[in-house]
Asks: 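Provided herewith is a single structure, encoded as structure tokens, for subsequent inquiry.
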Amino acid sequence: MVDKDKLPRHVGIIMDGNGRWAKQRGLPRTEGHKKGAEVFRDISTYASELGIEYLTFYAFSTENWKRPEQEVSVIMDIFRDFLHEAQDRKAENEEKGFRFRFIGDMSKMADDIKMLATILEADSSDKSHTVINVAANYGGRSEILRATTRIAELVAKGEISSEDITEDMFSSMLYTAEQPDPDLIIRPSGEYRLSNFLTWQSAYSEFWFSDVLWPDFTRDDFDKALNDFANRSRRFGAV
Ligand code: IPE
Ligand code: IPE
Ligand code: MG
């Protein structure tokens, strides 16, 4: 049971622990990623049913390219499967009111992934029940640098002056422009770090950690995180 009056508007989830989940079962790491993708589908549906407006799933970081080529290639195939499936399930996703966004530097992705992602964003752009941000080739620092470069260009062209650079203006230059900052960030897998996730946006986020590995993460775990969140006292620096 979840207190619907105290729901976060925006939840960020670091989908971690896939490799260890597979290892525990004597399976290749990539099997963990496949199971993790199923959990992503289930938790997005559940969160949306509860009425959460924004979800950001950390799927692939700017640092994850350091992994073995074969693992990266399987993760890319999982993206492809998800994107094709989203096309097949267009009506179902429309009914759920999902709006998909890809946050991160998609220019480094394969052409077919870029194209399918652009189509999915466009096809779902009129939906608003739940925005699902998929963080792919995402890094918080790289996002901040990108925003800084864009702002520097505007200043150089004389379109804005340095006084126009406010926190709101800076936020509007990020991938998450026009979205509220994450109220709650969930990290399973027993790690207590952000790993370059939503660096700017998480300034006042509440954090919820768990030892559960992402492929084992259930709706019950999500409820636990929400219930903890409901009891947090957020002060934003005030008293
Ligand atoms: C998270 O699971 C998925 C990605 C980073 C793509 P991991 O693959 O990091 O799983 P562990 O942390 O090694 O168990
Ligand atoms: C964070 O997990 C990235 C994603 C879940 C996509 P990592 O497994 O890459 O993070 P570290 O290396 O443990 O910090
Ligand atoms: Mg990991």
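All residue numbers in this chain count up from 1 along the given sequence. Order of appearance sets the numbers: ligands from 1, and atoms from 1 within every ligand. Not measured: the values here are computed from a predicted model.
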Asks: Quick test: of every protein heavy atom, which one is nearest to atom 2 (O) of ligand 2, and how far off is it to 0.1 Å?
Replies: R187 NH2, 3.6 Å

Asks: Using a 4.0 Å heavy-atom cut-off, say whether F60 meets ligand 2 through its side chain, its backbone, both or neither.
Replies: backbone

Asks: Number the atoms of ligand 1 from 1 as they appear, then name those within less than 4.0 Å of a heavy atom of I75, with their elements.
Replies: 6 (C)

Asks: Got the closest protein heavy atom to atom 6 (C) of ligand 1, with its distance?
Replies: A59 O, 3.3 Å

Asks: Using distance alone, decide if ligand 1 has a nitrogen or oxygen within less than 3.5 Å of any nitrogen or oxygen in R67.
Replies: yes

Asks: Do the ring planes of F100 and F98 sit parallel (below 30°), tilted (30 to 60°) or perpendicular (above 60°)?
Replies: perpendicular

Asks: For the residue pair R150 / T148, report whether a side-chain donor-acceptor contact shorter than 3.5 Å exists.
Replies: no

Asks: Look only at the side chain of D221 and the backbone of T218, and say whether a donor-acceptor pair between them is shorter than 3.5 Å.
Replies: yes

Asks: Is the closest heavy atom of K23 to ligand 1 under 4.0 Å?
Replies: no

Asks: Do any N/O/S atoms of E191 come under 2.8 Å of the Mg ion (ligand 3)?
Replies: no

Asks: Could you tell me how the ring of F57 sits relative to the ring of F40: parallel (under 30°), tilted (30 to 60°) or perpendicular (over 60°)?
Replies: perpendicular

Asks: Shortest non-hydrogen contact from I185 to S202?
Replies: CD1-CB, 3.7 Å

Asks: For D16, what is the atom name of its N, O or S atom nearest to the Mg ion (ligand 3)?
Replies: OD1

Asks: Can you check atom 14 (O) of ligand 2: any protein non-hydrogen atom closer than 4.0 Å?
Replies: yes

Asks: Just need the protein heavy atom nearest to atom 1 (C) of ligand 1, so name the residue and atom and give the distance.
Replies: M15 O, 3.0 Å

Asks: Is there a side-chain contact between W214 and V39 in this structure, where contact means two heavy atoms from C-beta onward sitting under 4.5 Å apart?
Replies: yes

Asks: Out of N18, D16, N64, indicate the one that has the non-hydrogen atom closest to atom 8 (O) of ligand 2.
Replies: D16

Asks: Does CD in E167 sit with more than 12 non-hydrogen atoms of other residues, nucleotides or ligands closer than 6.0 Å?
Replies: no

Asks: Look at ligand 2 and say whether K66 reaches it with a heavy atom at a distance under 4.0 Å.
Replies: no

Asks: Please indicate whether any nitrogen or oxygen in R193 is less than 3.5 Å from any nitrogen or oxygen in ligand 2.
Replies: yes

Asks: Do F102 and E121 come within less than 4.5 Å of each other through their side chains, counting heavy atoms only?
Replies: yes

Asks: Any sub-3.5 Å donor-acceptor pair from T166's side-chain atoms to M169's backbone N or O?
Replies: yes

Asks: Considering non-hydrogen atoms of the protein only, which is the closest contact for atom 10 (O) of ligand 1, and what is the distance?
Replies: G19 N, 2.9 Å

Asks: Can you check whether L198 reaches Y58 side chain to side chain, under 4.5 Å on heavy atoms?
Replies: no

Asks: Is R232 reaching over with its side chain to a backbone N or O of E206, donor-acceptor style, under 3.5 angstrom?
Replies: no

Asks: Are any of the heavy atoms in R29 under 4.0 Å away from ligand 1?
Replies: yes

Asks: Might you confirm whether atom CZ of R234 has over 12 heavy atoms from other residues, nucleotides or ligands at distances under 6.0 Å?
Replies: yes

Asks: Heavy-atom contacts with R20 under 4.0 Å: which atoms of ligand 1 show up? List them by number with element.
Replies: 11 (P), 12 (O), 14 (O)

Asks: For G17, is the nearest heavy atom under 4.0 Å from an atom of ligand 1?
Replies: yes

Asks: Looking only at heavy atoms of H33, does any of them come nearer than 4.0 Å to an atom of ligand 2?
Replies: no

Asks: Among G36, G139, S195, whose heavy atom sits nearest atom 11 (P) of ligand 2?
Replies: S195

